[in-house]
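Input: a single structure, listed below in structure tokens.
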Amino acid sequence: MSKHTKKHQTGYEELAEEQAAEEQAEEQACNEAPAPQAEKPTEPDYREQYVRLYAEFDNYRKRTEREKAALIAYGKKDFAVKMLPMYEVLLRQQKILQDPKQDVKALQDGMRMIVAELDKAFRAEGIQKMDVLHKPYDPATQEVVATIPAPAEQDGLVIDEVKMGFMMNGQVLRPASVVVGQAQEETK
């Protein structure tokens, strides 16, 4: 072998030895480090799902609270708009009462206007007055405040209405306070 070939061969041997040493070091590092486990199907992260779900529910709760407050405010505004005409008529009636020159007819007309406006507002909301006079007592819609002696044909009938009762959309808004007739027992 020539001197030149021998020099290259020695260089190759050294290079091969270095590479072998590097491979050995890598192999040892791989053996020392935990071997990567075969990828198994990823398990769902329940904590992360819980946190996300909780945040979504919290946002939903806050949104519904805001919507509820907005609906209540809108309902109050709607009620106020319906009451304003009646308030105006009452103010006009108050002025009429202060003027001694005004006649009773103007006062009566004002009262009719107020009642008409109230009836209109109540109908719009599904509110209606209970018709209880001279009808049988109904404990579901009426409260008895007194009983009075009555003829046998009026036994259990409403004789007088102390406080009006109102229904709203088929449900009792306020029960009527009534006086009921009670037949007297005949003594022999």
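In what follows, every heavy atom counts, from backbone to side chain, and hydrogens, waters and symmetry copies are set aside.
Of the listed residues (V180, V179, V178), just one forms a side chain to side chain contact (heavy atoms under 4.5 Å, CB included) with V145, and that residue is V179.
Around the CZ atom of R112, the shell of radius 6.0 Å holds more than 12 heavy atoms that belong to other residues, nucleotides or ligands. Within a 6.0 Å radius of CE in M83, more than 12 heavy atoms belonging to other residues, nucleotides or ligands are found. Counted within 6.0 Å of CZ on R47, heavy atoms from surrounding residues, nucleotides or ligands total 12 or fewer; the atom is thus considered open.
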Go through the steps to decide whether K68 and L71 satisfy the test side-chain contact (heavy atoms from CB on, under 4.5 Å), and finish with yes or no. CA-CA 5 Å; K68 182 180 175 183; L71 284 172; 5.8 Å; no
Step-by-step side-chain contact (heavy atoms from CB on, under 4.5 Å) determination, R66 to R63: CA-CA 5 Å; R66 284 190 307 268; R63 184 177 61 249; 3.7 Å; yes
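Between P85 and E117, the shortest heavy-atom distance links the atoms CB-OE1, 3.5 Å. Minimum heavy-atom separation, E143 to P175: OE2-CG, 3.7 Å.
Taking OG1 of T141 as the start and CE of M130 as the end, the distance is 5.0 Å to the nearest 0.5 Å. Note that CD of E65 and CD of E67 are 11.0 Å apart. Values are rounded to the nearest 0.5 Å. For the atom pair D109 CG and M111 CE, the distance stands at 11.5 Å (nearest 0.5 Å).
For A121, the side chain to side chain contact (heavy atoms under 4.5 Å, CB included) partners are K82, M86, not counting sequence neighbours. The side chain to side chain contact (heavy atoms under 4.5 Å, CB included) test applied to Q98 returns Q94, not counting sequence neighbours.
Placement of I114 and I127 within a single hydrophobic cluster is found when ILVMFWY residues are connected by side-chain heavy-atom separations under 4.5 Å, directly or transitively. One hydrophobic cluster, built from ILVMFWY side chains closer than 4.5 Å, holds both M113 and L90. Under the 4.5 Å side-chain contact rule for hydrophobic residues, F122 and V132 do not share a cluster.
The hydrophobic cluster containing F57, built from Ile/Leu/Val/Met/Phe/Trp/Tyr side-chain heavy atoms closer than 4.5 Å, also comprises Y60. Using a 4.5 Å cut-off between side-chain heavy atoms of Ile, Leu, Val, Met, Phe, Trp and Tyr, V51 falls into a hydrophobic cluster with Y50, Y54. Hydrophobic clustering, defined by side-chain heavy atoms of Ile, Leu, Val, Met, Phe, Trp and Tyr closer than 4.5 Å, groups Y87 together with L91.
Using a 4.0 Å cut-off between a side-chain N of Lys or Arg and a carboxylate O of Asp or Glu, R52 and E56 do not qualify as a salt bridge.
The closest side-chain heavy-atom distance from R123 to K120 is below 4.5 Å.
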Distance-only criterion, 3.5 Å: show the donor-acceptor pairs between side-chain atoms of residues 148-173 and protein atoms not counting sequence neighbours.
| residue | atom | partner | partner atom | Å |
| --- | --- | --- | --- | --- |
| D155 | OD1 | A183 | N | 3.0 |
| E161 | OE1 | K129 | NZ | 3.4 |

